[in-house]
*Asks:* 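Once you've had a glance at the structure underneath, I'll fire off some questions.
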Amino acid sequence: MKCDDCFNLLEEYIDGEAIERDAAQVSAHLITCAACAHEFETLTAEREVYARYDRELAVSPALWNAIAARTADSRPIDSASRFSLGAWLAGLFATPRYAFAGAAAVVIFAVLFGIVFLRTKTREQLPPELTANKTTTGAPGNDRAGVVRPNRGDSLPPIGVKAVPRVKTSATTGSRPPRQRDQSGVLFTDAAFTDIEDKDTANHVAQAENLLRSVRNLQTSDDDEEVDVSYEKAESRRLLDDNVVLRRDAEMAGKYPVKKLLGELEPFLIDIANLPDKTTPTDLRAIKDRVQKTEIVAALRSY
Amino acid sequence: MKRLAEISLKGQPGAFAGSLMNSSADLVARACEGDQEAFRLIFERYSRPLISFVYDQVGNRELAEELTQETFVRAYRGLHTLRAETKLSTWLFGIAKNVARESLRARQRTNQQVDLDDKLVLNLSDRGPVPVKQLLNKELNEVIQNSLALLDEDKRLVFTLKVFQQCSYEEIAEITGFSIPKLKTDLHRARTEMRRRVGQYVRV
């Protein structure tokens with residue numbers, strides 16, 4: 001087992017949460033590695049200190065008396081007397097409720113009317129040349145009814161006209177257009193959110209890459225002179241917060257390669273964030289070596 | 001889903017005999033029937049960890065007592081909702097967490113600072129000589145309490161549940177609603193922050 005792996009598992013190990021195989025490997029590693037054993041001892045000593053924490057709190061009889069007074073005249077609320085969705089639905093369908101049916105019909109009618117009105121209105125606003133494009137350039141794969149794309153060009157594409165943004169972008173830049181500043185009134189789809197997330201992740205990865213490059217290029221002297229890493233440390237802390245959020249988002253969106261990449265990046269950010277403002281060349285060199293060995297910068301660059 | 005309140009041992013031979021009589025499931029079942037004594041036993045069993053936990057969140061003794069009272073009253077009223085597969089302690093900590101959070105939010109809304117107890121402020125001049133060990137313990141308590149207050153809410157919650165209440169990751173996830181990876185990250189960061197402040201008292 002490598003020291004990094006051991007270090008990552010040490011807290012789980014001391015909390016008794018590591019799986020059996022990991023625990024056995026950590027135990028074996030601790031016997032042979034002085035640095036990890038020292039970290040383990042520090043964690044153990046901390047636990048002992050926290051165990052000595054005495055809040056000097058006493059549970060006064062008055063506390064129970066107050067609770068007893070508030071609960072004495074009532075029994076716990078029976079679940080049967082609580083609102084039950086199942087019972088409510090059963091009751092709803094047990095007997096005809098004309099008022100409910102009428103209300104539902106009105107709502108459905110209003111929604112349908114709104115959709116028809118919106119579609120008619122947007123068609124009227126569409127310039128004639130784009131209306132012509134609609135019938136000729138619509139890509140079959142893109143033809144999802146009702147999909148509203150975020151506004152990437154100069155004007156808001158109308159609902160139902162799927163091919164228009166593609167025509168406009170290819171005609172103007174030929175590449176991915178920048179996100180427009182004023183997007184008020186645009187209905188975002190999941191695809192639009194994903195696009196923004198991708199962009200945020202790309203920015204984040206680029207910043208992390210710069211940070212790791214900066215750390216890798218820090219000069220260390222041989223006479224053990226301390227190195228000022230306060231900027232890198234602050235930057236790493238900021239990126240660490242973003243990294244956790246983006247990694248979780250990527251996981252939830254099923255983007256496992258992104259999640260893996262951000263997961264690999266995180267230990268570096270944690271290590272840099274936990275450096276003292278003026279660190280020793282040894283600690284810095286350990287991080288630099290790991291950056292070099294794992295080729296994390298190359299991985300980030302290829303994202 | 002089976003609720004604890006539905007598990008009644010009445011009518012079973014030896015149902016109320018020995019230690020089984022005071023198992024959490026039985027105490028809940030009896031308390032649901034309106035047995036105040038059973039609920040008092042639940043209070044005796046869990047009041048100390050709960051008041052400590054609430055105190056760690058809000059940092060004020062009187063408020064912790066009030067909130068613990070509120071926790072037990074809510075627990076009593078909601079006993080029927082306790083599911084058979086849920087541990088009573090986990091459920092109670094979950095209620096206490098909500099009560100403490102509501103209190104902290106209310107204080108934030110009214111722009112009040114959460115006052116740390118002034119009890120721990122060292123003012124020993126009028127108390128005569130104090131043994132060094134006692135002095136160190138007091139100082140350590142103060143440092144730990146202040147360090148906890150400086151953690152953000154999520155980290156403090158996870159840290160106190162793991163380090164002081166010895167809850168498992170699964171229990172903490174159930175109490176807080178956090179995912180295991182998030183709580184591991186929060187716990188690691190909380191430990192790192194606490195180490196920065198408490199580290200000088202740690203002897204390896």
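Chain naming here is simple, since letters A, B, ... match the order of the sequence lines and numbering starts at 1 in each.
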*Asks:* Answer with side chain, backbone, both or neither: which region of B/E44 has an atom nearer than 4.5 Å to a non-hydrogen atom of chain A?
*Replies:* neither
*Asks:* For A/N274, which atoms come within 4.5 Å of any heavy atom of chain B: side chain, backbone, both, or neither?
*Replies:* side chain
*Asks:* Could you tell me whether B/R189 and A/D241 make a salt bridge, using a distance below 4.0 angstrom between a side-chain N and a carboxylate O?
*Replies:* yes
*Asks:* Non-hydrogen atoms of chain B under 4.5 Å away: do they reach the side chain of A/V49, the backbone, both or neither?
*Replies:* both
*Asks:* If I compare all heavy atoms of A/L57 with all of B/S52, which pair ends up nearest, and what's the gap?
*Replies:* CD1-CA, 3.8 Å
*Asks:* On the six-membered ring of B/F164, is A/R55 placed so that its NZ or CZ lies under 6.0 angstrom from the centre and within 45° of the ring axis?
*Replies:* yes
*Asks:* Is it the case that more than 12 heavy atoms not belonging to A/K259 sit under 6.0 Å from its NZ atom?
*Replies:* no
*Asks:* Compare every heavy atom of A/S60 with every heavy atom of B/E65, then report the nearest pair and how far apart it is.
*Replies:* OE2-OG, 3.3 Å
*Asks:* Below 4.5 Å from any heavy atom of chain B, which atoms of A/A62 appear? Answer side chain, backbone, both or neither.
*Replies:* neither
*Asks:* Take atom CZ in A/F7; do more than 12 heavy atoms of anything else shown fall under 6.0 Å from it?
*Replies:* no
*Asks:* Check for a donor-acceptor pair, side chain of B/R61 on one end and backbone N or O of A/E56 on the other, with a separation under 3.5 Å.
*Replies:* yes
*Asks:* Could you tell me the separation between the NZ atom of B/K184 and the CD atom of A/E17, rounded to the nearest 0.5 Å?
*Replies:* 8.0 Å
*Asks:* If you count heavy-atom pairs within less than 4.5 Å of chain A, which of B/E66, B/E170, B/E70 leads?
*Replies:* B/E70
*Asks:* Assess whether atom CD of B/E102 is packed by more than 12 heavy atoms of other residues, nucleotides or ligands within 6.0 Å.
*Replies:* yes
*Asks:* Just wondering, more than 12 heavy atoms not from A/E20 lying within 6.0 Å of its CD?
*Replies:* no
*Asks:* Where do A/R247 and B/T185 come nearest, in terms of heavy atoms and distance?
*Replies:* NH2-OG1, 4.1 Å
*Asks:* If you count heavy-atom pairs under 4.5 Å between each of B/V143, B/D56, B/I51 and chain A, which one has the most?
*Replies:* B/D56
*Asks:* Starting at CD1 of A/I67, measure out to CZ of B/F39 and round the result to the nearest 0.5 Å.
*Replies:* 6.5 Å
*Asks:* Sort A/R47 into side chain, backbone, both or neither according to what part of it lies under 4.5 angstrom from a heavy atom of chain B.
*Replies:* neither
*Asks:* Need one label for B/I180: side chain, backbone, both or neither, based on atoms under 4.5 Å from any heavy atom in chain A.
*Replies:* neither
*Asks:* With heavy-atom distances below 4.5 Å as the criterion, would you say the side chains of A/V244 and B/K182 are in contact?
*Replies:* no
*Asks:* Can you confirm whether B/T192 sits close enough to A/I270 that some side-chain heavy atom of one is under 4.5 Å from a side-chain heavy atom of the other?
*Replies:* no
*Asks:* Under a 4.5 Å cut-off applied to non-hydrogen side-chain atoms, are A/E12 and B/Y169 in contact?
*Replies:* yes
*Asks:* Do the non-hydrogen side-chain atoms of B/V198 and A/Y53 ever get within less than 4.5 Å of each other?
*Replies:* no
*Asks:* Where do B/T68 and A/L63 come nearest, in terms of heavy atoms and distance?
*Replies:* CG2-CD2, 4.2 Å
*Asks:* Check this for me: does any side-chain nitrogen of one of B/R191 and A/E11 sit under 4.0 Å from a carboxylate oxygen of the other?
*Replies:* yes
*Asks:* Less than 4.5 Å to any heavy atom of chain B: does that hold for the side chain of A/E266, its backbone, both, or neither?
*Replies:* side chain
*Asks:* So, for A/Y50 and B/R195, which heavy atoms are closest and what is the spacing to 0.1 Å?
*Replies:* OH-N, 4.3 Å
*Asks:* With a 4.5 Å limit on heavy-atom distance, are the side chains of A/R70 and B/Q69 in contact?
*Replies:* yes
